[in-house]
Amino acid sequence: MASPRTITIVALSFALGLFFVFMGTIKLTPRLSKDAYSEMKRAYKSYAKALPGLKRIGISSVLLRKIIGSLEVGCGVVLTLVPGKPKDVANFLLLLVMLAVLFFHQLVGDPLKRYAHALVFGILLTCRLLIARQSDERPEREESREEPHINEQEKNKVKQS
């Protein structure tokens with residue numbers, strides 16, 4: 001049977017992956033929701049206006065929206081479908097994207113209700129990454145605890161014979 005950590009990591013990976021595929025798709029195309037797509041276009045125009053340095057390096061609001069949307073879709077697919085370490089890399093990239101989105105919202109002075117989702121999903125990404133890293137370190141500790149116990153049993157066997 002799978003450990004609680006494994007179940008938690010799989011559930012978080014799947015749920016977060018689907019969320020980011022959905023949100024990234026909304027940023028890239030109006031097919032899912034025309035209203036949400038229009039709102040994303042408007043929001044990214046305000047982010048680009050608030051960061052004139054982006055314009056200087058050739059990043060328009062459209063390019064910024066497409067970069068972030070593509071990162072969300074790509075990393076969401078990895079979190080949902082790909083096993084192993086690539087999930088941690090995708091998790092880290094999405095965490096960086098969430099930090100950037102929080103920065104953008106603060107920069108333009110949006111109220112909390114406009115960026116609460118980024119805050120919550122940033123926390124969930126952090127939790128998933130910490131749980132994944134913790135489960136990697138855990139078996140080494142358990143093995144080191146078991147070895148002295150085995151050695152004591154072997155010593156007792158040697159003494160008895």
Side-chain angles (χ1 to χ4, degrees), residues 1-33 36-37 39-41 43-44 47-48 50-51 53-54 57-108 110 112-151 153:
M1 180 157 170
S3 72
R5 280 194 184 106
T6 304
I7 293 169
T8 303
I9 291 171
V10 169
L12 276 173
S13 297
F14 190 74
L16 288 168
L18 288 179
F19 170 78
F20 282 106
V21 167
F22 177 72
M23 290 306 293
T25 303
I26 285 177
K27 288 177 179 77
L28 297 173
T29 181
R31 288 185 181 167
L32 292 179
S33 171
Y37 178 75
E39 180 60 28
M40 289 294 175
K41 283 174 60 173
Y44 277 87
Y47 303 154
L51 287 167
L54 290 176
I57 60 173
I59 298 177
S60 66
S61 64
V62 174
L63 184 59
L64 180 64
R65 181 174 42 85
K66 288 184 178 185
I67 289 170
I68 290 178
S70 298
L71 269 172
E72 288 179 352
V73 169
C75 291
V77 167
V78 170
L79 274 178
T80 306
L81 301 175
V82 178
K85 293 289 181 192
K87 284 187 184 213
D88 291 345
V89 174
N91 192 139
F92 184 73
L93 289 173
L94 285 171
L95 191 54
L96 291 178
V97 168
M98 288 297 99
L99 289 173
V101 167
L102 287 170
F103 173 72
F104 292 153
H105 282 290
Q106 286 295 307
L107 192 64
V108 298
D110 283 341
L112 177 63
K113 68 179 184 178
R114 296 233 350 129
Y115 63 88
H117 71 282
L119 196 58
V120 169
F121 283 96
I123 291 168
L124 287 173
L125 286 165
T126 303
C127 290
R128 190 221 163 269
L129 195 58
L130 289 174
I131 292 168
R133 300 302 306 154
Q134 184 180 13
S135 67
D136 285 347
E137 296 167 4
R138 188 77 178 192
E140 294 171 7
R141 291 183 193 156
E142 289 176 0
E143 288 173 7
S144 64
R145 287 183 191 158
E146 290 176 7
E147 287 177 14
H149 181 67
I150 293 171
N151 289 338
Q153 286 178 349

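Between K66 atom NZ and T29 atom OG1 the span is 10.0 Å, to the nearest 0.5 Å. Between the CD1 atom in I67 and the CG atom in L63 there is a gap of 4.0 Å [rounded to 0.5 Å]. Rounding to the nearest 0.5 Å gives a distance of 9.5 Å between CG of L51 and CD1 of I57. Distance CZ/F121 to NE2/H117: 8.0 Å, rounded to 0.5 Å. To the nearest 0.5 Å, atom CG of residue L16 and atom OG1 of residue T80 are 8.5 Å apart. Residue K87 holds its NZ atom at 8.0 Å from CG of L81, rounded to the nearest 0.5 Å.
Applying the side chain to side chain contact (heavy atoms under 4.5 Å, CB included) test to E39 and every residue at least two apart in sequence or in another chain returns R42, R114. Shown here are the side chain to side chain donor-acceptor pair (under 3.5 Å) partners of T6, two or more places apart in sequence or in another chain: S3. Applying the side chain to side chain contact (heavy atoms under 4.5 Å, CB included) criterion to V120, with sequence neighbours excluded, gives L124. The side chain to side chain contact (heavy atoms under 4.5 Å, CB included) test applied to A36 returns I26, S33, not counting sequence neighbours.
Legend: salt bridge (Lys or Arg N to Asp or Glu O under 4.0 Å) pairs involving residues 68-80, not counting sequence neighbours, sorted by first then second residue: K27-E72.
Within the 3.5 Å criterion, the main-chain N or O of G122 finds a donor-acceptor partner in the side chain of T126.
Residues G24 and V73 come closest through the heavy atom pair C-CG2, 3.5 Å. Across all their heavy atoms, V108 and A50 have their closest contact at CG1-CB, 3.8 Å. Contact record, A132 with I9: CA-CD1, 3.5 Å, taken as the closest heavy-atom pair. Here the closest non-hydrogen pair linking Y37 and P30 is CD2-CB, 3.5 Å.
Contact annotation: the side chain of D88 approaches that of R133 to within less than 4.5 Å [non-hydrogen atoms, C-beta and beyond]. Between V77 and V82, the closest side-chain pair of non-hydrogen atoms is not below 4.5 Å. The side-chain heavy atoms of C127 and I123, taken from C-beta on, include a pair separated by under 4.5 Å.
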Pair L28-S70, side chain to side chain contact (heavy atoms under 4.5 Å, CB included): steps then yes or no: CA-CA 7 Å; L28 297 173; S70 298; 3.9 Å; yes
Give the table of side-chain donor-acceptor pairs shorter than 3.5 Å for residues 89-105, with sequence neighbours excluded, one pair per line with atom names and distance.
| from | atom 1 | to | atom 2 | distance (Å) |
| --- | --- | --- | --- | --- |
| N91 | OD1 | R128 | NH1 | 3.3 |
| N91 | ND2 | L125 | O | 3.0 |
| H105 | ND1 | Y47 | OH | 3.3 |
| H105 | ND1 | D110 | OD2 | 2.7 |
| H105 | NE2 | Y47 | OH | 3.2 |

